[in-house]
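Just so it is clear: chains get the letters A, B, ... in the order the sequence lines come, proteins before strands, and each one is counted from 1.
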Amino acid sequence: MIDLKLVQKQPELLGRALANRHSDLNVDDFLRLDARRRELLTEVESLKNRRNAASAEVAAQKRKGESASDLLMELGRVAERIKQLDGETAKAKADVEAWLMRVPNLPDASVPVGRDETENVEVCRVGEPRDFDTPPLEHGALGVALGGFDFERAARLTGSRFVVELNWAARLDRALVNFFLDQHTRHEGYIEVCPPYMVNRATMTGTGQLPKFEEDLFKLREADYYLIPTAEVPLTNLHAGETLDETDLPRAYCAATPCFRSEAGSAGKDTRGIIRMHQFTKVEMVRFAHPDDSYNQLEIMLGHACHLLELLELPYRVITLCTGDLGFSAAKTYDVEVWMPAQKTYREISSCSNCTDFQARRANIRFKPKTGKATWLHTLNGSGLPTGRTMAAILENCQQKDGSLVLPKALITYMDGVEIIEPK
RNA sequence: GGAGAGGUAGCGAAGCGGCCGUAACGCGCUCGACUCGAAAUCGAGUUGUCCCAGUGAUGGGGCACGUGGGUUCAAAUCCCACCCUCUCCGCCA
């Protein structure tokens, strides 16, 4: 959530930021709502002041054994008016909050201004795409040919945009999870977590999925619970409502979880292969940082995501998302894109964001500095990495002329020594 | 799912319609006194948030006793619903 004081004091700053994000929210609408709320508050609070003073007087008179009927009559009217104004004030407050909850985070000054994904800015390229003598197979077809993917049975079990992984593919999925988690926990200082895969409404609101993006989520019928679209949600909310000590920062968590996304509005997009599924497994990194240190932490976390691709010997590039492509909660985001030879293009495989104090305000996550009072810390999240898209990249980049797949060396111990996947 | 107990400041805990929410009492923490220093002891301090006024240090006021409603001139206290924790029972991977 954005700082209410900032909106009140610098509405033009927010207005510009919203324009850069192509938001349809109108700051003037908000200022009117907020002025109305404050007007009502002032009125109802002065009435409550009167009520409190007079009620004390009633108590005093009763103790002395006097009748307080005059006061009681006045207070009856005051109470009625308060009740009416309380209702209006609550409504005005709810309006203000509802508006604030739909305002996206302010982009950092270093974020390029742009309309959409075509105006994202490339930061660097790492690794050389391989030359293929014959056009490389698309990962979905190759996975099916090697007996690892079964889309037909998945469709029968559930529906479209699901996959059954079999044999080496199921094993590779698990190998990737272990490889990623080992890397983060052994070498990069992340605390491993196994969180709930479904969370309540407050938790989804804390990280910014709700109230605006309900249609992207799967919701349970029996309870007000949602399936997590990413482990960012439970990991970031781990410390919701808490005040950490300054010496606890930075703190890093990672978790491998299934992720569930309804993919509303992406009909017809990425229908081939396993790029866009309703369910996938992802290792997520989340960091809690001191506000002065969060952009430094973003670079560190981006390094962790990139390092995994280097260990897997997959070519990638890093881009900075422009204002028009930035996610709701993020102030700055780097996307890591892996090279996909069949499509001759880089595809998103990781997204590393600094959410500054945006989620911390919503989820009320603070830290106590050595001197001074507790204030909101900064939260960051990044994929490190999703197993499905990583597997897709391995399939396309590591395929051989004879239809086999030579696995990256880093995975061999995780695959019990298996180096090559051969067609049956 | 059933029965019972409980949720009050950083922690423990009292209060059970107005004199108790700048919330008794105890612990912790901060500052001070005593001390060469420390312990012990003594003293003082120790919630957040919103509104109004002020450049500001501040001052005035509202709200908050798990959450949300209700009754009342007045609710931590009475009523209703929900959430969570603990104990026991049942069911279950």
Side-chain donor-acceptor contacts of residues 298-307 of chain A below 3.5 Å, not counting sequence neighbours, with atom names and distances?
unit_1   : atom_1 : unit_2   : atom_2 : d
A/Glu299 : OE2    : A/Tyr334 : OH     : 2.6
A/His304 : ND1    : A/Tyr190 : OH     : 2.8

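- Comparing A/Lys48 and A/Ala60 against RNA chain B, the residue whose closest nucleotide sits nearer the 5' end is A/Ala60.
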Which atom pairs link the protein and nucleotides 49-52 of chain B when you take only N or O atoms and keep those under 3.5 Å?
unit_1 : atom_1 : unit_2  : atom_2 : d
B/C51  : OP1    : A/Arg37 : NH2    : 3.0
B/C51  : O2'    : A/Thr42 : OG1    : 3.1

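- Comparing B/C50 with B/G45, their P atoms sit 26 Å apart, to the nearest whole Å.
- Taking atom C1' in both B/U41 and B/C34, the straight-line distance is 9 Å, to the nearest Å.
- Between the P atoms of B/C82 and B/C91, the separation comes to 25 Å (whole Å).
- Here, B/A38 and B/U47 have their C1' atoms 32 Å apart, quoted to the whole Å.
- Between A/Glu39 atom CD and B/G61 atom P the separation is 23 Å, expressed in whole Å.
- With both ends at atom C1', the span from B/A3 to B/C29 equals 42 Å, rounded to whole Å.
- Judged purely by distance below 3.5 Å, without hydrogens or angles, the side chains of A/Asn200 and A/Asp224 never pair a donor atom with an acceptor atom.
- Distance check on atom C1': B/G18 versus B/C11 gives 31 Å, rounded to whole Å.
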Item to complete: Begin from the C-alpha positions of A/Leu407 and A/Trp168 and carry the test side chain to side chain contact (heavy atoms under 4.5 Å, CB included) through to its verdict.
Response: CA-CA 11 Å; A/Leu407 292 175; A/Trp168 61 268; 6.0 Å; no
Taking N or O atoms only and anything under 3.5 Å, show me the protein contacts with nucleotides 72-80 of chain B, one pair per line.
none

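- The ring pair (Phe, Tyr, Trp, His ring centres under 6.0 Å) test applied to A/Phe260 returns no partner, not counting sequence neighbours.
- Rounded to a whole angstrom, the distance from the C1' atom of B/C27 to that of B/U85 is 23 Å.
- A search for salt bridge (charged side-chain N to carboxylate O under 4.0 Å, His left out) contacts involving A/Glu337 returns A/Arg317, not counting sequence neighbours.
- Partners of A/Tyr225 according to the ring pair (Phe, Tyr, Trp, His ring centres under 6.0 Å) rule, which considers only residues two or more places apart in sequence or in another chain, do not exist here.
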Its dot-bracket string being built from Watson-Crick and G-U pairs below 3.5 Å, with | for another strand and [ ] for crossing, RNA chain B has the pattern ((((((((.[[[..)..(......]]]((((((.......))))))(((((((....))))))).[[[[[..)....]]]]])))))))....
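- Using a 4.0 Å cut-off between charged side-chain N and carboxylate O, A/Glu263 and A/Arg161 make no salt bridge.
- Residues satisfying the ring pair (Phe, Tyr, Trp, His ring centres under 6.0 Å) criterion with A/Tyr316, sequence neighbours excluded, are absent altogether.
- Listed by chain and number, the residues in a salt bridge (charged side-chain N to carboxylate O under 4.0 Å, His left out) with A/Lys48 are A/Asp86 (sequence neighbours excluded).
- Under the ring pair (Phe, Tyr, Trp, His ring centres under 6.0 Å) criterion, the residue pairs touching residues 8-33 of chain A are A/Phe30-A/Trp99, with sequence neighbours excluded.
- Look at A/Asn52 and you won't find any side-chain N or O under 4.0 angstrom from OP1 or OP2 of B/G61.
- One C1' atom belongs to B/G10, the other to B/G17, and the distance between them is 30 Å to the nearest Å.
- Scanning for ring pair (Phe, Tyr, Trp, His ring centres under 6.0 Å) contacts around A/Tyr226 gives an empty result, with sequence neighbours left out.
- The nearest whole Å value for the distance from the NZ atom in A/Lys368 to the P atom in B/U30 is 11 Å.
- When the options A/Leu14, A/Leu13, A/Val103 are evaluated for a side-chain contact (heavy atoms from CB on, under 4.5 Å) with A/Val7, the one that passes is A/Leu14.
- Listed by residue number, the members of residues 97-104 of chain A with any heavy atom below 4.0 angstrom from RNA chain B form an empty set.
- In this structure, A/Asn200 places its CG atom 18 Å from P of B/C82, rounding to the nearest Å.
- For the pair A/Asn49 CG and B/G59 P, the computed distance is 17 Å after rounding to whole Å.
- A/Leu85 has its CG atom 13 Å from the C1' atom of B/G62, to the nearest Å.
- Distance CG (A/Asp248) to P (B/G10): 17 Å, rounded to an integer number of Å.
- In this structure, A/Tyr225 atom OH and B/C82 atom P are separated by 14 Å, rounded to whole Å.
- Nucleotide B/C86 carries an anti base; the chi torsion (O4'-C1'-N9-C4 or O4'-C1'-N1-C2) is more than 90° from 0.
- Proximity of the aromatic rings of A/Tyr253 and A/His239 is defined here by a centroid distance below 6.0 angstrom, and this criterion is met.
- In this structure the side chain of A/Ser404 never reaches within 4.5 angstrom of the side chain of A/Leu146, judged on heavy atoms.
- Under the 30°/60° scheme for interplanar angles, the aromatic rings of A/His278 and A/Phe162 are found to be tilted.
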